[in-house]
Structure formats: structure tokens, C-alpha cells
Amino acid sequence: MPELPEVETTCRGIAPHISGQQIVQVIVREKRLRYPVASRLTGHLAGQTVHAVTRRGKYLLLACDTGTIIIHLGMSGSLFVGSATDRPQKHDHLDILFGSGRCLRLRDPRRFGAVLWTTRDPERHKLLQHLGVEPLSSSLDGDYFFQRSRDRRVAIKQFIMDSRIVVGVGNIYASEALFIAGIHPSRAAGRIALARYLQLAAAIKQVLGDAIDAGGTTLRDFLNAEGRPGYFQQRLRVYQRAGMPCDRCGSVLRQVRMGQRSTYYCCQCQV
DNA sequence: AGAGGTACCTGGCAGC
DNA sequence: TGCTGCCAGGTACCTC
């Protein structure tokens with residue numbers, strides 16, 4: 001599920017319920033996530049207050065008294081606030097219980113997610129220190145892409161999905177942004193002109209921004225959050241539409257595999 | 001340094 | 001119905 005829009009939606013959704021709240025207990029039912037959940041997490045957290053909930057790339061950061069909880073949702077994770085008395089379901093691996101009676105629960109069937117604890121500046125954590133720019137910030141623009149891509153022969157789709165370049169562009173939105181910008185996904189990153197990178201940067205901001213706005217519509221019933229965020233139903237223009245007509249030119253949309261990932265594009269509109 | 005492949009894990013689905 | 005194989009929104013780490 002989680003691309004950046006869902007992580008952002010999650011961040012906004014859980015923050016009002018847990019910011020300023022004191023943690024009373026952490027329950028780990030399954031510690032075998034991407035990295036083993038440290039047992040010290042349980043001991044360290046009781047009594048600490050969550051001061052802020054922020055996002056860096058697809059990492060959620062819960063700032064506490066003496067350190068920061070780092071959460072990544074992997075490919076199938078979701079995080080929601082409920083009551084501490086709610087009965088856990090099959091893949092509910094971890095709960096953080098608060099003095100308010102609320103419970104922040106991590107559900108992750110594929111267990112590619114991660115829950116980590118650091119007492120240092122989280123930006124310096126091994127997993128975060130090499131992250132590239134935030135796509136919705138002013139740091140991402142055509143010039144930035146142009147400079148970083150010189151002499152790079154990697155396909156543009158893999159280039160924009162490289163978290164050292166820009167964070168948060170996952171497989172769905174990489175295809176969507178390249179379609180909007182009219183760039184063929186396998187074109188070498190180093191062979192794209194500045195003017196086209198200006199369009200690509202704008203396209204990425206547009207698709208991610210629209211998705212966050214759509215995801216925001218589900219925030220109202222976030223406490224019941226169980227179903228999919230609203231943005232999932234938004235009309236994707238190429239993703240999973242192979243064989244269907246391009247909504248711009250009518251050509252049949254194609255699907256190829258790039259770096260073991262499905263990629264969708266229009267061979268007329270994208271060059 | 002850059003490029004490409006592999007591994008981690010479960011669930012849903014198509015095809016037989 | 002039940003089995004098999006493939007696919008899925010991520011990313012760290014390995015080799016060449």
C-alpha cells in the first residue's frame with residue numbers, strides 16, 4: 001500500500017491522536033519484521049511522551065523524550081489508531097498503548113516494515129542519512145534532476161525511484177509522472193534535457209499532491225481506518241491499464257518489466 | 001561509482 | 001476443490 005501519499009496521510013491521521021500523549025506500554029506480538037524489533041524498545045518507551053509525528057521520505061518519525069521511533073510500512077504495512085481494548089487481528093504485530101486509552105497499531109502481512117529506535121538525530125540514522133530531497137519541497141526542481149542525472153545511463157524510471165535522488169516516488173507514481181511528463185520510462189537519465197526535467201519535477205509534485213489530497217478525504221473516518229485510503233480509487237492514467245487506450249492519444253497502453261517491476265506507458269505520448 | 005540482481009514475506013489470483 | 005506458480009504499492013545489500 002504505502003507510497004508517499006499514504007505515509008503522509010497516515011502521518012496526518014495519527015498525529016492528532018498521539019501527539020502529546022504518554023506511552024504506557026508497548027506490546028510486540030511479532031518481532032520478525034524487516035529488522036528484528038529491538039526488545040529495548042519495549043523497556044525504553046513506557047513513560048515517555050510522543051512530542052511530534054513527522055515524515056521523512058516514507059519513514060514516520062515519532063519524537064519521544066529520549067529518542068525517536070522510526071517506522072517504515074514496507075509494502076503492506078498500515079498504522080492506525082484505535083482503542084487499547086480492540087482485539088488484535090492476524091497481522092497486527094505491534095501496539096503502542098497510550099495513557100488516553102488509545103492504541104497505535106501496526107498491521108503488516110508481508111512483514112517488510114520496520115520499527116526502530118534511535119537516541120540520536122534521526123536524520124543521521126543509517127537508514128535516513130543518504131535520503132535524497134523531499135519531492136514536495138522546493139529542493140526538487142528541474143535543475144536538481146538535471147544536475148544529478150549527468151553521465152547517468154540508468155533508466156529514468158529507476159532514477160526517479162532511487163531514494164538517494166528523491167524520496168517517496170514509488171512504482172505507481174513513477175509510471176504516472178513519466179506519462180504526464182511525456183518521457184519514456186527506459187530513456188537514459190543522462191540523456192534528458194533540462195526543459196523535460198522541469199516538466200518531470202512538476203509532474204511528480206502534481207501526482208503526489210493530488211494523491212495526498214484524495215487520501216485526505218479518508219482522514220475523517222481515520223479511526224475506523226481499515227479500508228483503503230480514498231486516493232487508491234483515484235483514476236490512474238497508465239498504471240495497471242495495459243491493453244487499454246491512452247486517454248490522451250488513444251493508443252494501446254503497454255506494460256514492460258524494468259528492474260523486476262511492472263512499468264506502464266504510452267509508446268506514442270512518451271518518447 | 002554505477003548498474004543489475006537477489007532476498008526478505010504473505011496473500012490473492014489464474015490456470016490446470 | 002486443491003495444488004502450483006506468478007504477481008504485488010519497498011529497499012538494503014550483494015556482486016560485477
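Here the structure is a predicted model, which means the values were calculated and not measured.
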Inset, instruction - Tell me who clusters with A:Leu116, hydrophobic residues only, linked when side chains sit under 4.5 Å apart either directly or through other members. - result: A:Tyr35, A:Tyr59, A:Leu61, A:Ile70, A:Leu127, A:Leu128, A:Leu131, A:Val167
Legend entry - For A:Arg87, side-chain contact (heavy atoms from CB on, under 4.5 Å) partners two or more places apart: none
Inset, instruction - If a protein heavy atom is under 4.0 Å from the base, mark B; if only from the sugar-phosphate, S; if neither, -; do that for nucleotides 10-16 of chain C going 5' to 3'. - result: BBSS---
Inset, instruction - For C:dG9, take OP1 and OP2 only and decide whether either is under 4.0 Å from a side-chain N or O of A:Tyr239. - result: yes
Inset, instruction - Mind checking which stems touch DNA chain B? I mean at least 3 consecutive Watson-Crick or G-U pairs, both distances under 3.5 Å. - result: B:2-8 with C:10-16, B:10-16 with C:2-8
Legend entry - Pair A:Arg237 + A:Glu176: basic N to acidic O under 4.0 Å: no
Inset, instruction - Quickly work out the A:Met258 CE to C:dG9 P distance and round it to whole Å. - result: 14 Å
Inset, instruction - Taking atom P in both B:dG5 and C:dC7, compute the distance separating them and give it to the nearest angstrom. - result: 15 Å
Legend entry - Closest non-hydrogen atom pair between A:Ala177 and A:Val207, with its separation: CB-CG2, 4.2 Å
Inset, instruction - Supply the members, apart from A:Val24, of the Ile/Leu/Val/Met/Phe/Trp/Tyr cluster built from side-chain contacts under 4.5 Å; use none for a lone residue. - result: A:Ile27, A:Leu97
Legend entry - Spacing of A:Arg164 atom CZ relative to B:dG4 atom P, expressed in whole Å: 13 Å
Legend entry - Gap between atoms CG and P, on A:Asp108 and C:dA8 respectively (whole Å): 18 Å
Inset, instruction - Rounded to the nearest angstrom, tell me the gap between atom CZ in A:Arg152 and atom P in B:dA1. - result: 12 Å
Legend entry - Whole angstrom value for the distance that separates P of B:dG2 from NE2 of A:His130: 13 Å
Legend entry - Connected-component partners of A:Tyr265 among ILVMFWY, side-chain separation under 4.5 Å: A:Val256, A:Met258
Inset, instruction - Scan for ring-ring contact (aromatic ring centres under 6.0 Å, His included) pairs involving residues 189-211 of chain A, sequence neighbours excluded, and state none if there are none. - result: A:Phe145-A:Tyr197
Inset, instruction - Just jot down the ring-ring contact (aromatic ring centres under 6.0 Å, His included) partners of A:Phe98, sequence neighbours excluded, or say none. - result: none
Legend entry - Sugar-phosphate only, base, or nothing, as touched by A:Arg257 at under 4.0 Å among non-hydrogen atoms: sugar-phosphate
Legend entry - Toward the 5' end of DNA chain B, by each residue's nearest nucleotide, A:Gln260 or A:Asp151: A:Asp151
Inset, instruction - Give a yes/no answer on whether the side chain of A:His91 brings an N or O atom under 4.0 Å of OP1 or OP2 in B:dG11. - result: yes
Inset, instruction - Would you jot down, in residue-number order, the residues of residues 174-182 of chain A having a non-hydrogen atom under 4.0 Å from DNA chain B? - result: none
Legend entry - Pairwise 5' ranking along DNA chain B for A:Gln158 and A:Arg111, keeping only the more 5' one: A:Gln158
Inset, instruction - Provide, to the nearest angstrom, the distance between the CD atom belonging to A:Gln255 and the C1' atom belonging to C:dA8. - result: 12 Å
Legend entry - With A:Phe179 via ring-ring contact (aromatic ring centres under 6.0 Å, His included) - residues at least two apart: none
Inset, instruction - Before accepting this row, confirm whether a basic side-chain N of the pair A:Arg105/A:Asp86 lies closer than 4.0 Å to the acidic partner's carboxylate O. - result: no
Inset, instruction - Take atom P in B:dC9 and the same atom in C:dC3, then report the distance between them in whole Å. - result: 23 Å
Legend entry - salt bridge (Lys or Arg N to Asp or Glu O under 4.0 Å) against A:Arg153, all qualifying residues, sequence neighbours excluded: none
Legend entry - With sequence neighbours excluded, residues passing side-chain contact (heavy atoms from CB on, under 4.5 Å) with A:Ser137: A:Glu134, A:Ser139
